[in-house]
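Below is one structure, written out as structure tokens; the observations come after it.
Just so we're on the same page: letters track the sequence lines, and every chain starts at 1. Side chains are part of it too, since the values below use all heavy atoms of this structure and drop only hydrogens, waters and symmetry mates.
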Protein chains: 2
Amino acid sequence: MRAVQTDLTGRARLRDAAIEGFAAQGFDESLRTIAARAGVSAGLVRHHFGSKEALRAECDATVLDRYRTLKAESIQRSPAQLFAAFPSAKGSGILLVYILRSVREGGSAGREFIEALVAEALMLTREAVDRGLVVPSRDEEARVRLLVYQAVGALVVRMTMNPTTALDDFQAVTEQFYTDTMLPTLELFTEGLLTDRSYLEQYLQQGGSLHHPTAGPAGQSPPR
Amino acid sequence: MRAVQTDLTGRARLRDAAIEGFAAQGFDESLRTIAARAGVSAGLVRHHFGSKEALRAECDATVLDRYRTLKAESIQRSPAQLFAAFPSAKGSGILLVYILRSVREGGSAGREFIEALVAEALMLTREAVDRGLVVPSRDEEARVRLLVYQAVGALVVRMTMNPTTALDDFQAVTEQFYTDTMLPTLELFTEGLLTDRSYLEQYLQQGGSLHHPTAGPAGQSPPR
DNA sequence: TAGCAGACTACTCGCATGTATAGTCACTGG
DNA sequence: CCAGTGACTATACATGCGAGTAGTCTGCTA
């Protein structure tokens, strides 16, 4: 199999052009536009991938793989990574936008990514709780899932709130987000929001029974 | 002008069918399908609205208007409304899904809605701070914006995470979300997440530029 | 009752898309 | 030298879309 050589010339260029186009313009980007971006004809997509769906699947896999690699590289960097949940990567801007678009679209790639984030954050949080850095929760998985949904969702909302800036400089956008977000996030995480505990305790006394407690230690409950 | 009678028969039925279809299937729902849902022909859309874009605009306006009405009705209900930011309405399920789809899509309707939520939450929060219920923030608007983005974004992510359930029973979905979310939200709001203040104070000492090395003034006005 | 206005339908057009087919070109191994 | 393999293109479908047009039906009004 000479996939290496092949992967370096035509096929990979087409795939990367597709990733770029999907991230910049959305997944409705036409095959002709993608092919033009790669400098080839549209029919070549079919020749290499068979269908647009297959191309999309390969793009998803590539992006997820690259994200994992990037994440593995940038692990244990700054304490802020705990809140960020995303690698403060140099060239990961396109990856981030691609993933956010996937989540927004509701495809399996987006779901997969969210679940990976949840699992990862759950590990990190439990470790941080054991080390006494983070306040323990009565339902660790529910808290982590909420935090991940909120973090990713805030990025998605933010992306839709200023759709113009996303195209030019991916990295600048994400950095801008962190600078805008860091202060209130830190405030909320260290000082909370409410001054007294009455709401929480009231909920625990009367409404706690409505909540389903996660009994199993490693059991993964379905996404909510 | 007999707009009333007209509005009750053809045009309104078409518009409501469009709202329903947009909420259930997304804004790519074709005019033919919408017309079929309303029990009329596709050409009638053009006759009444002129274009699909105009129909969409009218749907947006209608939904926003209905949301405002619903919100005004359900104001000052339970304390949980402070976190919810959405009316726990009886029949507002379609409205909610429609709005979430708008936000997800990035249209002007979604932006408008988010801005309305931010302004409203800003008022409520300032009032709550004055009454001593909520911890004050060093940048009230930034905190409120973050909270709104997170709240709406979490709903969007949740919607994309289980796309099947959204269609059948709108209200059940939103209620399920609240029950899943309430405990960790209350925990986070009353107990925070971090055990000590070192991260926050470190950030405050560095002049508020942990990620962005270029130390700029904290003033920010445009939606970020 | 005549006629007119508007709601409504059936049909068509142009366009963009994904898919499929046939063919061209370059390189490579025997 | 020369088949043959695979990357690649040009072109042609088939489909679904929004938009446009012409005409029919209905109900009100003078």
Side-chain angles (χ1 to χ4, degrees), chain A residues 1-62 98 101-102 105-109, chain B residues 1-62 98 101-102 105-109:
Chain A
M1 193 195 295
R2 45 181 161 176
V4 177
Q5 186 204 355
T6 305
D7 207 47
L8 285 181
T9 42
R11 185 185 174 92
R13 260 173 60 219
L14 207 40
R15 183 199 57 201
D16 287 351
I19 291 176
E20 195 180 329
F22 286 157
Q25 302 294 333
F27 297 108
D28 287 338
E29 183 93 322
S30 74
L31 291 184
R32 288 165 174 82
T33 309
I34 291 171
R37 191 188 299 263
V40 297
S41 77
L44 194 60
V45 172
R46 171 170 169 79
H47 174 66
H48 278 305
F49 301 94
S51 71
K52 188 185 187 181
E53 188 182 354
L55 170 64
R56 168 74 194 278
E58 186 145 329
C59 288
D60 287 350
T62 301
Y98 186 100
R101 278 226 147 88
S102 299
E105 196 208 32
S108 63
Chain B
M1 193 191 291
R2 46 183 160 173
V4 176
Q5 187 202 356
T6 304
D7 206 51
L8 285 180
T9 42
R11 185 185 174 92
R13 260 174 59 219
L14 207 39
R15 183 200 55 201
D16 288 351
I19 290 176
E20 194 179 329
F22 286 155
Q25 302 295 332
F27 297 108
D28 287 339
E29 183 94 322
S30 74
L31 292 185
R32 289 165 174 83
T33 309
I34 291 172
R37 193 188 298 263
V40 297
S41 78
L44 193 59
V45 172
R46 171 172 168 79
H47 175 67
H48 278 304
F49 299 94
S51 71
K52 188 185 187 180
E53 188 183 353
L55 170 63
R56 169 73 193 279
E58 186 145 331
C59 289
D60 288 349
T62 301
Y98 186 100
R101 278 223 145 90
S102 299
E105 194 208 35
S108 63

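- Note: A:Thr62 OG1 to A:Tyr98 OH = 8.0 Å, rounded to the nearest 0.5 Å.
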Close N or O pairs between protein and nucleotides 10-16 of chain D (under 3.5 Å):
none

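- Note: CG (B:Asp28) to C1' (C:dG18) measures 16 Å, nearest angstrom.
- Atom CD in B:Glu29 sits about 9 Å away from atom P in D:dC17, given to the nearest Å.
- Nearest to the side chain of B:Arg46, among D:dC8, D:dT21, C:dG18, sits D:dT21.
- Of the possible donor and acceptor atoms, none in the side chain of A:Arg101 sits under 3.5 Å from a partner among the backbone N and O of A:Phe27.
- What separates NE2 of B:His47 from C1' of C:dC11 is a distance of 17 Å, to the nearest Å.
- Rounding to whole angstrom units, CD1 of residue B:Ile34 and P of D:dC17 are separated by 11 Å.
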Evaluation steps, side chain to side chain contact (heavy atoms under 4.5 Å, CB included), between A:Gln25 and A:Arg37: CA-CA 12 Å; A:Gln25 302 294 333; A:Arg37 191 188 299 263; 4.2 Å; yes
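- Using a 4.0 Å heavy-atom distance criterion, B:Leu31 is classed as a sugar-phosphate-only contact.
- At whole-Å resolution of the value, CG in B:Leu14 and P in D:dG18 are 13 Å apart.
- In this structure, A:Phe49 atom CZ and D:dA7 atom P are separated by 11 Å, rounded to whole Å.
- Interatomic distance, CD1 of A:Ile34 versus CG of A:Leu44, reported as 12.5 Å (0.5 Å rounding).
- Residue A:Ile19 holds its CD1 atom at 8.5 Å from CD of A:Glu58, rounded to the nearest 0.5 Å.
- The listed nucleotides are C:dG18, D:dA19, C:dT9; the one nearest the side chain of B:Val40 is C:dT9.
- What separates NE2 of B:His48 from P of C:dT9 is a distance of 9 Å, to the nearest Å.
- Rounding to whole angstrom units, CG of residue B:Leu44 and C1' of D:dT24 are separated by 14 Å.
- For A:Arg32 (side chain) and A:Ala42 (main-chain N/O), no donor-acceptor pair under 3.5 Å exists by modelled atom type.
- Between the NE2 atom of A:His47 and the CZ atom of A:Arg11 there is a distance of 9.5 Å, given to the nearest 0.5 Å.
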